[in-house]
Enquirer: 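Okay, handing you the structure first.
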Amino acid sequence: MRVLSGMRPTGRLHLGHYHGVLKNWVKLQTEYECFFFVADWHALTTHYEDPQIMEESIWDMVVDWLAAGIDSGTATLFIQSRILSHAELHVLLSMVTPLSWLERVPSYKDQQAELKDRDLLTYGFLGYPLLQSADILAYRAGIVPVGEDQVAHVELTREIARRFNHLYGREPDYENRAEEAIKKMGKKNAKLYRDLRTAYLEQGNHEALDTAHALLERQKNIALGDKERLFGYLEGGGKIILPEPKALLTLAPKMPGLDGRKMSKSYNNVISLREPPVEVEKKFRTMPTDPARVHRSDPGNPDKCPVWDFHLIYSDGEKKDWVQKGCRSAKIGCLECKQVIIDAVLAELKPIQERAAELSRDPLAIKNIIAEGCKRAQATAEATMAEVRDAIGLNYS
Ligand code: TRP
Ligand code: SF4
């Protein structure tokens, strides 16, 4: 099982990335063959007017990955734009991708609405999820760890793979035998079967698949072997060139930001992984608490306080109990309550920052890690592409 995931280089990594993504990657790298990459082309779909942010972010991002515990000896780390196979597969997949599949991906309209200051009515932005499909399929990844907002992209990838396999993965003998079996169902049922199969394979219509299963179940005059052949044929049959990946949802609870919303650069409420300790302290000391707690003697309610969300992540049962009781009875002050979080965050960041400082002293070593990773990625993606070209019939000599 191969794992693949990417991250866009659009700024400094923060605690949200650490808890939501990196800790998970660190765990996965011990269990699977992992490919982690810098999705710079994806960043370009939204930042094509200010691409300089990418160069600034790329190397810092790789340093942060390594500092957070990603092991370049185990996982393959690379930069998307250095592996041209992603672009080649993207263009080939684009040939078989209905426009409507891209237009209905929820993030397409959502992001356009959210990033109003950018013109996202571009061909590249519409193709964002398809480029992601190419990223995944080029490595024939089985598992794609992503956040909730990306699940629809993995779902699209599955449908694209299915359609591709259906169009280019058929084995002539298999097909002939399946076609013979279809005829045995009689004219009317044969047509129905064919229509349902097309609806599933080409449009991803799952109801059609269920109806077809029921139709096959009802057939009395075809042999069991033929029946099984027709079940397989319904789901593509033939050869699987591009396997369908599965999304692996990160289970970590949402990292809260300093204002009660989720931690995100666009809300300006983050603690970056490189945040100097004095800044960490300052940011927590000045962050809002339960607005009802104006004076030290006013009791508070943790449920109405964004600091409590941090206790949910950083504090054990005993500490949480101390906060609940102390806050509601005004026995503890907010600064005292925050200090527990400050200590926990500083302790978490310390080893990361030490490693990052050390790694930053040797930029050449980082570039070598990426060069090495690109080589491995290139070889893996090229193996897929050779089969893809072959299947489409592009290997003319
Ligand atoms: N779109 C992803 C994000 O914004 C980044 C990404 C690009 C990705 N290609 C990918 C993630 C392939 C998983 C697999 O987070
Ligand atoms: Fe929030 Fe803690 Fe203050 Fe209660 S004591 S209001 S939980 S910071």
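One-based numbering, in listed order, for ligands and for the atoms of each. FYI, side chains are in, hydrogens and waters are out, and symmetry mates aren't considered; it's all heavy atoms of this structure.
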Enquirer: Between R8 and ligand 1, find which residue part has any heavy-atom pair under 4.0 Å and reply side chain, backbone, both or neither.
Expert: side chain

Enquirer: Specify the protein heavy atom at minimum distance from atom 9 (N) of ligand 1: its residue, its atom name, and the distance to 0.1 Å.
Expert: D135 OD2, 2.7 Å

Enquirer: Please work out which of V146, T46, V144, T157 has its closest non-hydrogen atom nearest to atom 14 (C) of ligand 1.
Expert: V144

Enquirer: Can you report which non-hydrogen protein atom sits closest to atom 2 (C) of ligand 1, along with the distance?
Expert: Q150 OE1, 3.2 Å

Enquirer: Does the distance from a Lys or Arg side-chain N to an Asp or Glu carboxylate O, for E155 and K246, drop under 4.0 Å?
Expert: no

Enquirer: With atoms numbered from 1 as shown, which atoms in ligand 1 lie under 4.0 angstrom from a non-hydrogen atom of L4?
Expert: 12 (C), 14 (C)

Enquirer: What protein heavy atom sits nearest atom 10 (C) of ligand 1, and how far away is it?
Expert: Q132 CG, 3.4 Å

Enquirer: Output yes when a side-chain donor or acceptor of T45 lies under 3.5 Å from a complementary backbone atom of W41, and no otherwise.
Expert: no

Enquirer: Ignoring hydrogens and geometry beyond distance, is a side-chain donor-acceptor pair present between N395 and D390 at under 3.5 Å?
Expert: yes

Enquirer: What protein heavy atom lies closest to atom 7 (C) of ligand 1? Include the residue and the distance to one decimal.
Expert: H42 ND1, 3.3 Å

Enquirer: Hey, is R389 close enough to E382 for a salt bridge, meaning N to O under 4.0 Å?
Expert: yes

Enquirer: Just jot down the side chain to side chain contact (heavy atoms under 4.5 Å, CB included) partners of E202, sequence neighbours excluded, or say none.
Expert: R163, H166, T198

Enquirer: Using a 4.0 Å cut-off to any heavy atom of Y128, which atoms of ligand 1 qualify?
Expert: 1 (N), 2 (C), 3 (C), 4 (O)

Enquirer: Could you grab the protein N, O or S atoms closer than 2.8 Å to atom 4 (Fe) of ligand 2 for me?
Expert: C327 SG

Enquirer: Will you find, in the side chains of H47 and Q52, an N or O donor that is under 3.5 Å from an N or O acceptor?
Expert: no

Enquirer: Looking at Y267, does the NZ or CZ of R261 lie under 6.0 angstrom from its six-membered ring centre and within 45 degrees of the ring axis?
Expert: yes

Enquirer: In plain terms, say whether R118 and E49 are close enough for a salt bridge, that is, a side-chain N and a carboxylate O under 4.0 Å apart.
Expert: no

Enquirer: Any side-chain donor paired with an acceptor under 3.5 Å for H153 and S107?
Expert: yes

Enquirer: Establish, from distance only, whether the side-chain atoms of H42 and Q132 form a donor-acceptor pair under 3.5 Å.
Expert: no

Enquirer: Nearest protein heavy-atom contact for atom 5 (C) of ligand 1: which residue, which atom, what distance?
Expert: G6 O, 3.5 Å

